[in-house]
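Okay, so here's the structure we're looking at.
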2 protein chains.
Amino acid sequence: MAVTLADVARRSGTSTAVVSYVMNNGPRPVAPATRERVLAAAAELGYRPNRIARALRAGTTGVVGLVLADASNPYFAALARSVERALERRDTLMMTGNAGYLPGRQQHMVERFLAAQVDGLIVVSADGGADVAAQAVAAGVPSAYVHHRPVPGQAPLVSADNDVAVRAAVEHLRGHGHRRIAFLSGPHDAGPVAERRDAWQRAASSSGPEPLLLRCDYSREAAARLTAELIAGGTMPRALIAATDEQAIGVLAAASAAGLPIPGRLALMSCDGTPDSAYTAPALSVMEQPLDAMAEQAVALLLDRAPASASLPAAHLVARRSCGCDA
Amino acid sequence: MAVTLADVARRSGTSTAVVSYVMNNGPRPVAPATRERVLAAAAELGYRPNRIARALRAGTTGVVGLVLADASNPYFAALARSVERALERRDTLMMTGNAGYLPGRQQHMVERFLAAQVDGLIVVSADGGADVAAQAVAAGVPSAYVHHRPVPGQAPLVSADNDVAVRAAVEHLRGHGHRRIAFLSGPHDAGPVAERRDAWQRAASSSGPEPLLLRCDYSREAAARLTAELIAGGTMPRALIAATDEQAIGVLAAASAAGLPIPGRLALMSCDGTPDSAYTAPALSVMEQPLDAMAEQAVALLLDRAPASASLPAAHLVARRSCGCDA
DNA sequence: CTGAAAGCGCTTACAG
DNA sequence: CTGAAAGCGCTTACAG
């Protein structure tokens with residue numbers, strides 16, 4: 001059916017070894033004249049190398065698996081795009097799997113990726129679940145967590161420092177005259193969200209009244225519902241830092257529906273800084289995570305066996321309109 | 001290194017054939033006692049089947065490739081999630097590639113997927129470029145376009161009827177009292193966007209003054225820039241249908257920045273109906289594409305060799321706030 | 001510089 | 001119901 005190396009060898013009057021050397025530019029030299037004949041034969045026959053056969057023999061597939069906690073979340077989606085770009089620079093393909101915040105599904109995706117013999121595994125996990133990246137490492141597959149790592153977790157983690165940026169966000173809102181700055185966290189804190197909440201707690205409590213801690217699921221819907229309740233109950237704070245862009249977008253939607261002016265009545269900031277955050281209404285002021293750098297470091301960790309350097313830039317503040325700037 | 005079928009066979013005192021029959025539940029029967037021994041050995045050794053070896057021998061990888069014109073566009077992103085769900089029901093993995101609206105990159109991704117021996121290929125393309133799905137079919141790989149097909153294009157296309165829905169959108173805006181209804185199209189029309197524009201043109205011209213046709217790239221940024229210019233120039237229409245959610249989100253952002261009230265000064269609708277459109281500020285009134293049905297049909301086409309049925313539901317109108325409803 | 005051959009880990013006729 | 005063996009399409013020692 002399909003054209004094979006053996007076909008090309010036959011047509012060019014050489015051996016499969018030589019054809020392989022030509023197709024891969026090595027590892028052995030080939031005489032120029034022979035090379036020409038092989039190339040001509042391959043072109044005539046329309047030869048396309050079978051990567052599966054290569055993978056079985058060479059023990060490397062050129063594919064990396066990416067498991068995402070939630071592909072609908074703009075932060076995870078943007079991270080996936082960054083990872084894809086980093087992989088492409090190394091001529092590596094990406095398989096994706098969406099865990100939907102379900103530990104069982106996450107485990108299942110990892111099993112399937114391991115069976116597919118991926119050359120590496122990147123896990124962008126949510127709270128809970130097993131230490132799947134460590135399982136993969138135990139199976140001989142280089143693996144890393146990005147953004148979040150379960151506790152306890154043995155595999156390396158690539159994550160930016162949230163502390164500095166959240167403190168800057170609190171200071172920024174103070175600069176707009178706010179004394180009470182609330183925080184919208186996840187259903188239970190872990191990983192980066194816990195870091196952000198801690199940083200906020202320390203910064204916001206340092207002076208003035210006890211700050212308000214809000215919680216909801218990581219979804220637009222949940223954040224919108226919570227926001228609608230706060231507005232209806234008259235308990236909406238005047239300044240709020242949302243743990244994620246996803247939640248901030250939900251807040252924006254509900255505030256718009258209820259006619260609550262932002263930033264007039266509510267100054268809002270959030271902590272992912274996805275590309276989406278620049279085109280909300282109003283535009284979100286954010287602490288922007290260095291997604292490309294995180295993806296590059298994770299991929300280098302897996303594919304180049306680079307050590308996890310500490311050189312990741314910290315998330316930094318991007319002031320737009322929702323905090324009260326440019327108002 | 002890794003545990004193989006042969007290891008399990010040795011441990012259980014059987015042959016690789018029997019182990020294979022047990023692992024795959026067929027195609028030959030195995031005596032219950034033998035099966036137990038095999039299963040026990042596999043569990044003890046922590047055997048994990050090598051899908052690459054299986055793929056080489058069986059000629060099927062259990063992987064489908066998805067090429068996306070633009071992974072940042074919420075419509076394409078939502079479609080990718082639908083495709084992944086449809087594939088998961090068939091226990092099939094997905095590889096993704098992002099063409100970034102570049103025909104050369106699209107071609108490159110397809111080559112790589114073919115080399116990786118995907119069992120099928122789904123192309124969500126943009127204007128221009130080669131008939132890559134037809135190339136894949138010629139190479140023996142079942143392929144289909146979803147949403148858009150290049151001209152001329154030989155491979156099957158899965159796409160919902162846009163005509164009815166756009167007409168309904170025009171009627172809906174008329175019901176809000178609008179006579180002049182503008183349309184924001186792509187840089188040059190083709191495929192579904194051309195269908196939408198045609199439907200608008202016919203419906204909007206049927207009575208009253210000549211309608212306004214606007215154009216910009218499929219990006220939030222381009223739509224925001226255009227919107228800012230229209231507002232500054234005092235030429236912003238009072239009713240507008242955007243070809244895509246992506247563009248509508250850009251319009252919303254620029255309108256918010258300029259203080260142009262929506263729907264008060266501008267009634268806006270758009271034509272994708274992604275999940276994102278429900279959480280913009282204000283919420284977008286849309287014609288919602290049947291993404292899950294489209295994905296399911298495309299996957300059935302490839303994997304079940306099902307004929308492209310005409311039973312796809314048409315995009316339907318979801319009225320939210322941006323058109324003037326609930327105002 | 002080139003060729004004949006082994007072997008990656010499976011599945012599947014073929015024989016018993 | 002079970003086993004010995006061929007073969008999927010490559011890469012890579014090994015010999016020449």
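Lettering of chains follows the sequences in order, A, B, ..., and the numbering in each one begins at 1.
Taking atom C1' in both C/dT12 and C/dG16, the straight-line distance is 16 Å, to the nearest Å.
Looking at A/Arg89 and A/Glu296, a side-chain N of the basic residue comes within less than 4.0 Å of a carboxylate O on the acidic one, giving a salt bridge. Under 4.0 Å is where a charged nitrogen must lie from a carboxylate oxygen, and between A/Glu88 and B/Arg105 at least one such pair does. In this structure, B/Asp131 does not pair ionically with B/Arg149, as no charged nitrogen and carboxylate oxygen lie closer than 4.0 Å.
Residue B/Arg37 contributes atom CZ, which lies 8 Å from atom P of D/dG3 at whole-angstrom precision. In this structure, the CG atom of B/Leu5 is 13 Å from the P atom of D/dG3, given to the nearest Å. What separates CG of B/Asn25 from C1' of C/dT11 is a distance of 15 Å, to the nearest Å. Put simply, CE on A/Met23 is 13 Å from C1' on D/dG9, counting in whole angstrom units. When the P atom of C/dG9 is taken as reference, atom CG of B/Asp7 falls 9 Å away, rounded to whole Å. For the pair A/Ile52 CD1 and D/dT11 P, the interatomic distance rounds to 13 Å; values are reported in whole Å. Across the protein-nucleic acid pair, B/Arg35 atom CZ and D/dT2 atom P stand 10 Å apart, rounded to whole Å. For the pair A/Arg10 CZ and C/dA4 P, the computed distance is 12 Å after rounding to whole Å.
Without hydrogens or angle criteria, B/Asp119 side chain to B/Thr61 main chain gives a donor-acceptor distance under 3.5 Å. A donor-acceptor pair is defined here as one N or O able to donate and one able to accept, closer than 3.5 Å; no such pair exists between the side chain of A/Arg35 and the backbone of A/Val30. Within the 3.5 Å criterion, the main-chain N or O of B/Ala300 finds no donor-acceptor partner in the side chain of B/Arg305. With hydrogens and angles ignored, the 3.5 Å screen pairs a side-chain donor or acceptor of A/Asp7 with a backbone N or O of A/Thr4.
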Hey, what are the protein-to-nucleotides 12-15 of chain D N/O distances that come in under 3.5 Å?
from, atom 1, to, atom 2, distance (Å)
D/dT12, O4', A/Arg57, NH2, 3.2
D/dA13, N6, A/Tyr21, OH, 3.2

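When each of D/dT2, C/dT2, C/dG9 is scored by its nearest atom to the side-chain atoms of A/Thr34, the top-ranked nucleotide is C/dT2.
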*Nucleotide pairing, DNA chain D (Watson-Crick or G-U, distances under 3.5 Å), in dot-bracket with [ ] and |*: |||.||||||||.|||

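Of the N and O atoms on the side chains of B/Thr14 and B/Arg37, not one donor lies less than 3.5 Å from an acceptor on the other residue.
Considering every non-hydrogen atom in both B/Leu45 and B/Arg11, the closest pair reads CD2-NH1, 3.7 Å.
Dashed line: the shortest gap from a side-chain N or O of B/Thr4 to OP1 or OP2 of C/dG9 is not under 4.0 Å.
For B/Ala53 and B/Ser15, each mapped to the nucleotide of DNA chain D holding its nearest heavy atom, the one lying further toward the 5' end belongs to B/Ser15.
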